[in-house]
There are 2 protein chains.
Amino acid sequence: MVTMSDVAREAGVSVMTVSNVLNERLPVGGPTRERVLAAVEALGYEVNLTARHLRAGRTDTVALIVPSFHDYFGEVADEIAPLVEAQGRHLVLERTSASPQYEMEAVSVARLQLYDGVLLSVAGLDPEQLSRVRTSKPIVLLGERDVPAHFDHVRLANEEGARLATAHMIERGSRRILALGCTLDRAHMMTSDRRLGWETAHRDAGLPVDERYVVPIATYSSHTARATLHDVIASGLPFDGIFAATDVIALGAVAALADRGLRVPDEVQLAGFDNLEVSSFVPPGITSVDPNHHGVAQHAVGLLHRRMAGGDGPAEHVVAPVSLVVRGSTRR
Amino acid sequence: MVTMSDVAREAGVSVMTVSNVLNERLPVGGPTRERVLAAVEALGYEVNLTARHLRAGRTDTVALIVPSFHDYFGEVADEIAPLVEAQGRHLVLERTSASPQYEMEAVSVARLQLYDGVLLSVAGLDPEQLSRVRTSKPIVLLGERDVPAHFDHVRLANEEGARLATAHMIERGSRRILALGCTLDRAHMMTSDRRLGWETAHRDAGLPVDERYVVPIATYSSHTARATLHDVIASGLPFDGIFAATDVIALGAVAALADRGLRVPDEVQLAGFDNLEVSSFVPPGITSVDPNHHGVAQHAVGLLHRRMAGGDGPAEHVVAPVSLVVRGSTRR
DNA sequence: GCGGCGCGTTTTATCGATATAGTCTGCGAA
DNA sequence: TTCGCAGACTATATCGATAAAACGCGCCGC
């Protein structure tokens, strides 16, 4: 490996002179500078970032830690990346498999030291576990779980989004709407907050809330959603609308409905949540709650930037507004 | 920040003793070890990985560098992650926006030093640019472009996959099959290799090859694909089948066909390439060439592992076999 | 003629961990 | 009593870069 001192020897100067030439900190005389640059070129020297990071105590890198790389998080990550790069920092992604253990490791002091800041998409950790995190570096939390108050946090207006989608289907005539992928839990988390919105829409419309229509699913995959909806259909529970807790679930539902020859939206209306890119392309177009990925990304990166710049106000808890994107899976 | 020497002072020992306790290199006496562990606990010490990396010249981290985080690459990344972790290393993702400049920076000596090895999914760099890369660390290339011979490389059987898909549609009755997203270029790259397979299938079946049916698209997004297919339909060019160069393109095609009320597969058969997860859920199910993500991931990680372990045989060029997954978008 | 100043460059210390060589203590054998 | 030696622990050098201080030299002004 070519080091700065190799360059220094080649150019007949001290390492500091090389450093000064390359970083333009202190001025270096013309001829000397030329010799240094020639030596750099000849040897193919490039700075060792690890050493620089150690010395500088800074890495100019931000980590985005997500449960998995595909679907929702991939799309969010692609929104976040340009914003971080616009600040002159690098973005790297790490993955936790949604396992609490991996998430804890990812925000361990040791790993945090590799980055100037971390965006953590919380999937597995509960508030109690999170409160044990030693925040040696700025962390901004993303995601729909409850988190300790001292963390900056960006979440979505889950209840409102679910309410919008459900109310829309009620207005368009659905009376028996499944809450697919939702749960009856009390803890504030994605699946229960969205179920609350589903409930609210029913109450607002003067309709009864039937808990049989809350159908949890074991894993948040299209595959499981498809199988679960098949079970519901087989059970004979009548329904004429589906609010899917996520678009990934909605996608599984679309498949299951097609498997059974149920027409969307004529026989069953369908709405999802997340407005994934794919949702506008799957015929007849999936109506979905748009979380405004770009806005979420801006909030999150903005908060993190403020902390990295030394800002130390009270923690902010942003609830990002959502809107409904109406497509062909609901009636007009 | 709590350092090892803070712990050493607290425990009344030298830093090396702390190091020895934590890394279990040299044996440390019972009582001393207890004091050290107590001090570590009390101060909340964790090792500084940057310092360790500098000293050790190793980071136990592999980078996967991709054009973008979502769709295809997100799915591949989720396959690669567990394999890298199984080797006791971390995986991080970086993104290049498919820009040649970013790709060059990503494999600059400086950035490579942060990792023990790199998996680079080549999108923007041509062989000439790649050959200028100073490979200070093991690199394995992924992707469908031609690359210099001295790089390990994993690619797909593009021509064969396209041939399979096209032949399948011909066999099922299509006679005028668009090659959507393919190109007439000569350079070996994804879009032209897949076009070759489309051609071969025609020749094999004794059908003429009509270049008007090769329809390139400006950007590889579902959105562009949808718009482009609308243009084709508007142009009046008759077709009864579509081979989409990627599933993302196929998804746009599905949307455009639905927009026009064209029934799949009755009026138009459709096949894609990549077998994205979504393809099995979009009604009626998109027939797609399965690149065996898992196998590709294993090859790539295996090659990289060999290099990182010091293996120095000749570069390997793996062409990963593909197979056709038949779904409802083609006739049975 | 000498202090002072500015410029260009080098010296030294440092970031935090770790490999290696060295030191100290105590115990057993000659 | 002395030497040897093993075991436990410490001192030092090192990874590669950079911040801060020091240095040498020429030139200016009084």
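In what follows, every chain begins at residue 1, and chains take the letters A, B, ... in the order their sequences are listed.
Along DNA chain C, the nucleotide nearest B/L54 and the nucleotide nearest B/L26 are compared for position; the residue whose nucleotide lies closer to the 5' end is B/L54. Take the nearest nucleotide of DNA chain D for A/Y45 and for B/P27: the residue whose nucleotide is more 5' is B/P27.
Among the protein residues, B/R52 comes within range of the sugar-phosphate backbone only, with heavy atoms under 4.0 Å from sugar or phosphate atoms but none that close to a base. B/T50 comes within 4.0 angstrom of no nucleic acid atom, judged by non-hydrogen atoms across all strands. Nucleic acid contact for B/G57: none, since no nucleic acid atom lies under 4.0 Å from a heavy atom of the residue. Within 4.0 Å of A/V13, counting heavy atoms only, lie sugar-phosphate atoms of the nucleic acid but no base atom. Here A/S14 lies in heavy-atom contact (under 4.0 Å) with a base.
More than 12 heavy atoms of other residues, nucleotides or ligands lie within 6.0 Å of NE2 in A/H293, so this atom counts as buried by the packing criterion.
Taking all atoms of both residues into account, the shortest heavy-atom contact from A/M4 to A/V15 is SD-O, 3.8 Å. Shortest non-hydrogen contact noted between B/R111 and B/E105 is CG-O, 3.3 Å.
The side-chain contact (heavy atoms from CB on, under 4.5 Å) with A/H70 is formed by just one residue from the set B/E277, B/H70, B/E79; it is B/E277.
Comparing atom distances between the A/V15 side chain and each of D/dA11, D/dC9, D/dT18 picks out D/dT18 as nearest.
Between chain A and DNA chain C, the heavy-atom contact criterion of under 4.0 Å yields a 5' to 3' nucleotide range of C/dG8 to C/dG16.
One can place CE of B/M16 at 11 Å from C1' of D/dA11, the figure rounded to the nearest angstrom. Going from atom CE of A/M1 over to atom C1' of D/dA17 covers 12 Å, rounded to whole Å. Across the protein-nucleic acid pair, A/D60 atom CG and D/dA17 atom C1' stand 14 Å apart, rounded to whole Å. Between B/R55 atom CZ and D/dA17 atom P the separation is 15 Å, expressed in whole Å. In this structure, B/E34 atom CD and D/dC9 atom P are separated by 12 Å, rounded to whole Å. Nucleotide D/dA17 holds its P atom 10 Å from the CG atom of A/L49, rounded to whole Å.
Considering only residues two or more places apart in sequence or on other chains, A/P27 meets the side chain to side chain contact (heavy atoms under 4.5 Å, CB included) condition with none of them. For A/R306, the side chain to side chain contact (heavy atoms under 4.5 Å, CB included) test picks out A/D152, A/L303, A/E316, with sequence neighbours left out.
Remark: A/S14 OG to A/N20 CG distance equals 8.0 Å, nearest 0.5 Å.
Between B/T17 and D/dT10 there is a side-chain polar atom (N or O) within less than 4.0 angstrom of OP1 or OP2.
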